[in-house]
Amino acid sequence: KGLFVATIDVTGDVIRHLADKGFVLAGPVIRKGDAGFETIGTNYYTVWFGQLPPLKRTVIVHGRLSVKLDEYQGKPQVKTTINAKTVVVKNLTADDFEKSAPTVSVTATSADEPLPF
């Protein structure tokens, strides 16, 4: 069991909201093979942020990554959490902006503030 903390930039898709301060981000695991770059899996992150981006949208998250090594039912488990400083929604259209302006932000609370739980 242990805890590792670093600053990270991650691009991924918002797949689920967690109450009103967090969401689950699915980011691709990419590796370079003989035919170029290929997606070989998905990393999931719990992201804490002051405002929620729209579901099923691609976002860029910048913040403090915490990785906790734990055990669940006798098996090792890794929990990845990002206390986001910024969340940027990629490829917003004018319609998206009008519909979601109150919930989309490119700046928010500092990563130095405590997590909302």
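Just so you know, residue 1 is the first one in the sequence shown, and it goes up from there.
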Checklist entry - side-chain contact (heavy atoms from CB on, under 4.5 Å) between Thr81 and Trp48: does it pass, once the steps are laid out? => result CA-CA 8 Å; Thr81 303; Trp48 297 111; 3.5 Å; yes
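- Using a 4.5 Å heavy-atom threshold, the side chains of Leu55 and Phe23 count as separate.
- Summarising the geometry of Thr39 relative to Pro28, their closest heavy-atom pair is CG2-CB, 3.9 Å, with the distance given to 0.1 Å.
- Within the 4.5 Å cutoff, the side chain of Pro54 has heavy atoms near those of the Val89 side chain.
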Next on the checklist: For Ile8 and His62: C-alpha separation, side-chain torsions, deciding distance, then whether side-chain contact (heavy atoms from CB on, under 4.5 Å) applies.
Outcome noted: CA-CA 6 Å; Ile8 189 170; His62 172 80; over 6 Å; no
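- Annotation: side chain of Glu38 is not in contact with side chain of Ile30 (no heavy-atom distance under 4.5 Å).
- In this structure, Ala19 and Leu52 approach most closely via the heavy-atom pair O-CD1, 3.5 Å.
- The shortest distance between side-chain heavy atoms of Thr80 and Asn43 does not fall below 4.5 Å.
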Next on the checklist: Run the side-chain contact (heavy atoms from CB on, under 4.5 Å) test on Ile60 and Val87 for me, step by step, so that the C-alpha distance in whole Å, both residues' side-chain angles and the decisive distance to 0.1 Å come before the verdict.
Outcome noted: CA-CA 6 Å; Ile60 303 167; Val87 173; over 6 Å; no
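- In terms of heavy-atom proximity, Lys90 sits nearest to Arg57 at O-NH2, 3.3 Å.
- Residues satisfying the side-chain hydrogen bond (donor to acceptor under 3.5 Å, both in side chains) test with Asp13, not counting sequence neighbours, are Thr58.
- Leu25 pairs with exactly one of Thr46, Thr11, Val10 by the side chain to side chain contact (heavy atoms under 4.5 Å, CB included) rule, that one being Val10.
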